[in-house]
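Structure first, commentary second.
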Amino acid sequence: MIINHPLLGPRDAQEFTYLGDASLIDRPDWQAPDAARTFYEYLYLRDNPAGEHRELWFHEQGDRSWLVVTRNTLTHEITKVELAREVARTRGRSA
């Protein structure tokens, strides 16, 4: 599988480590009244979709960047690759 890194171009997926659902970018507020419940859901409850899915990948054997990869879990086709810091910024989080 080839991941088209936004800064470095096409890279073999073996350079990366898969880290899970990209929703992990949206870490809950630890000071919220329902923090215990939301952190439980954040840490332990995961979707396992068949089809298009946004995932976090870490470029471990390269520039050590975090990427959000939109990939079809059935065909492994990658339709979009974004820097995770840019995704976080568009959601109002500092990176």
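- When only modelled atom types and interatomic distance are considered, S65 and H5 share a side-chain donor-acceptor pair under 3.5 Å.
- Taking each heavy atom of L19 and F58 in turn, the nearest pair found is CD1-CB, 3.4 Å.
- Within 6.0 Å of CZ on R27 lie no more than 12 heavy atoms contributed by other residues, nucleotides or ligands.
- Few gaps surround CG on D29; more than 12 heavy atoms of other groups in view lie less than 6.0 Å from it.
- Atom-to-atom distance recorded for E82:CD and T90:OG1 is 7.5 Å, nearest 0.5 angstrom.
- Looking at every heavy atom in both residues, T73 comes nearest to A50 through OG1-CA, 3.4 Å.
- In this model, a donor atom of one side chain and an acceptor atom of the other lie less than 3.5 Å apart for H76 and R71.
- What you find for G51 and L74 is that their closest heavy atoms are N-CG, 3.9 Å.
- The structure places OG of S23 at 7.5 Å from NE2 of H53, a figure rounded to the nearest 0.5 Å.
- The two residues A22 and L56 have their closest heavy-atom pair at CA-CG, 3.9 Å.
- Linking ILVMFWY side-chain heavy atoms closer than 4.5 Å, directly or via other members, places I25 and W66 in a single hydrophobic cluster.
- Residues V68 and E55 have side chains not in contact (no heavy-atom distance under 4.5 Å, counting atoms from C-beta outward).
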- Item | Verdict with reasoning, I3 to L67, per side-chain contact (heavy atoms from CB on, under 4.5 Å) | CA-CA 10 Å; I3 296 175; L67 302 177; 4.1 Å; yes

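- Under a 4.0 Å N-O distance rule, the pair E60/R64 does not qualify as a salt bridge.
- Taking a 6.0 Å sphere around OH of Y18, one finds it holds more than 12 heavy atoms contributed by other residues, nucleotides or ligands.
- Residue N4 comes nearest to P10 through the heavy atom pair OD1-N, 3.3 Å, listed as atom of the first residue, atom of the second, then distance.
- Ion pairing of D21 with R54 is absent here, as no side-chain N (NZ or NE/NH1/NH2) approaches a carboxylate O to less than 4.0 Å.
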- Message: If you apply the rule side-chain contact (heavy atoms from CB on, under 4.5 Å), what do you find for V69 with K80, and how did you get there?
- Response: CA-CA 6 Å; V69 175; K80 189 174 186 179; over 6 Å; no

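- The closest donor-acceptor contact from the side chain of Y42 to the backbone of L24 lies under 3.5 Å.
- Listed for the D12 side chain is no donor-acceptor partner under 3.5 Å among the backbone atoms of E15.
- Between H59 atom NE2 and L7 atom CG the span is 10.5 Å, to the nearest 0.5 Å.
- The side-chain heavy atoms of R11 and F16, taken from C-beta on, include a pair separated by under 4.5 Å.
- Nearest approach of I2 to I78, heavy atoms of both residues: O-CD1, 3.4 Å.
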